[in-house]
Amino acid sequence: MSLRVLVSTGEPSGDLHAARVVTALRQRWPDAVIEAVGGPRLADAGAQVRWSNANLAAMGFVEILATLPAHLRLLRALRAGFRARAWDIVIVVDYPGFHLRVAEAARAAGIPVLWYIAPQLWAWRPERAARLAAAVDRLAVILPFETEFFAKVGVAATYVGHPLLDREPPPAREAARAALDIAPTARTLALFPGSRRGEVERLWPAYRGAARALLASGAADRVVVATTPAGRYPEADGFDLVPDAHRLVLAAADAVLAKSGTTTLEAALADVPMVVAYRTHPLTFRLIQRLVTVRWASLVNLVADREVVPEMMQDAVTADALAARIAPLLDRTSLETRTQRAGLAEVRRRLGSRGASTRVAELVAEMVGR
């Protein structure tokens, strides 16, 4: 009988990472039946997307309330599939709040669960570890320090490498600049204010103000904005708005102003200095402050276990403060730039080598005995 797999994702980044896993699964089991909660990338990889994740993604405690009805409908549908033993294994990807409930339902029905891109219990609410241990058979983790953390709390975890390492190499700097019509010597600032509408709305005024100040002072010659369909970027005169080409923008940049998240690791892999700045809903921020257990917000600093890149959060995110921190990084010869790039090299060493998706497929083979 063909292997039957359910892959569940909750947002576009999970859809991307899961698609690579599906490709690796197809290489091992060409006849596998792979169904998914996902989006276009999973479909392109050969999964049958039975449930769309388009209406699921939200950021923050307050923001997620509006998506609860969609989550509850999906959970009911998945529970019915689990009771019917529709799948031999369930792979959940990231998206912890919802996927913990999915994992519990699958395990209750006797279906093994592999969680790829594990919940960040090391960052907040580590007391959830016992619940996680009861809900999953294995974790496939993507940050090198996670195996030790999860071992201490009794969860079997395997470091598979970070999925960003499996991407094709970014464009060369010269090619990226040519594509964006940027002169080789132009000091270029890239803005990454996020992918969701709410985070862009909260970050854009300060990001825009900082960029304008840097252009006016002569610290920057060009400003390129990595835009997404969900974002709105008013009063962007004098900036280059580049949709859906963030790797091209990164490759062309001298320095990056970015929200916390995967973009910071992408910049580290591209060897581009950065300042990390983020705002969320005030109530969400107050709740996070009471729950968080780590010192750093950016993945770069977490992997390095020290401050490699400056982090600015909430009320500290002002145009003047951002401009002051990013200006030295636009000079490729400055001490700040050279120091940070040495730290970024350390982060790249710690992340290891390519092959995350193949290693996830190997874990699946172990779990299903095929």
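Since we're looking at a predicted model, the values are computed, not measured.
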* **Test item: side-chain donor near acceptor, Thr228 and Arg197, under 3.5 Å** => no

For [X], what residues pass the side-chain hydrogen bond (donor to acceptor under 3.5 Å, both in side chains) criterion, not counting sequence neighbours?
X: Arg354; answer: none
X: His99; answer: Ser8
X: Arg101; answer: none

[Y]/[X] salt bridge by N-O under 4.0 Å criterion:
X: Glu366; Y: Arg138; result: yes
X: Glu11; Y: Arg196; result: yes
X: Asp166; Y: Arg20; result: no
X: Arg306; Y: Glu346; result: yes

Mind listing the side-chain donor-acceptor pairs of residues 332-340 below 3.5 Å, one per line with the distance, residues two or more places apart or on another chain?
unit_1 : atom_1 : unit_2 : atom_2 : d
Arg332 : NH1    : Asp254 : OD1    : 3.4
Thr333 : OG1    : Asp331 : OD1    : 2.8
Ser334 : OG     : Pro328 : O      : 2.8
Ser334 : OG     : Asp331 : O      : 3.2
Ser334 : OG     : Thr337 : N      : 3.1
Ser334 : OG     : Thr337 : OG1    : 2.9
Thr337 : OG1    : Pro328 : O      : 3.3
Thr337 : OG1    : Leu329 : O      : 3.4
Thr337 : OG1    : Asp331 : O      : 2.8
Arg338 : NE     : Thr333 : O      : 3.1
Thr339 : OG1    : Leu335 : O      : 2.8
Gln340 : OE1    : Met274 : N      : 2.6
Gln340 : NE2    : Met274 : O      : 3.3

* For the side chain of Arg279 and the backbone of Gln314, is there at least one donor-acceptor N/O pair under 3.5 Å apart? -> yes

Show every donor-acceptor pair shorter than 3.5 Å between a side-chain atom in residues 36-44 and any protein atom, with sequence neighbours excluded, or say none if there are none.
none

* What residue among Phe192, Tyr207, Phe239, Trp204 forms ring pair (Phe, Tyr, Trp, His ring centres under 6.0 Å) with Tyr233? -> Trp204

* To do: Give the C-alpha distance, both sets of side-chain angles, the deciding distance and a yes or no for salt bridge (charged side-chain N to carboxylate O under 4.0 Å, His left out) between Arg350 and Asp305.
  => CA-CA 11 Å; Arg350 292 192 177 199; Asp305 195 26; 5.7 Å; no

* **Residues, nucleotides or ligands: over 12 heavy atoms within 6.0 Å of Glu148 CD** => no

* To do: Report yes if some heavy atom in the side chain of Val225 is under 4.5 Å from a heavy atom in the side chain of Val242; otherwise report no.
  => no

Run the side-chain donor-acceptor check on residues 25-33: report pairs under 3.5 Å with partners two or more places apart or on a different chain.
unit_1 : atom_1 : unit_2 : atom_2 : d
Arg26  : NH1    : Pro30  : O      : 3.4
Arg26  : NH1    : Ala32  : O      : 2.5
Arg26  : NH2    : Ala32  : O      : 3.3
Arg26  : NH2    : Gly46  : O      : 2.9

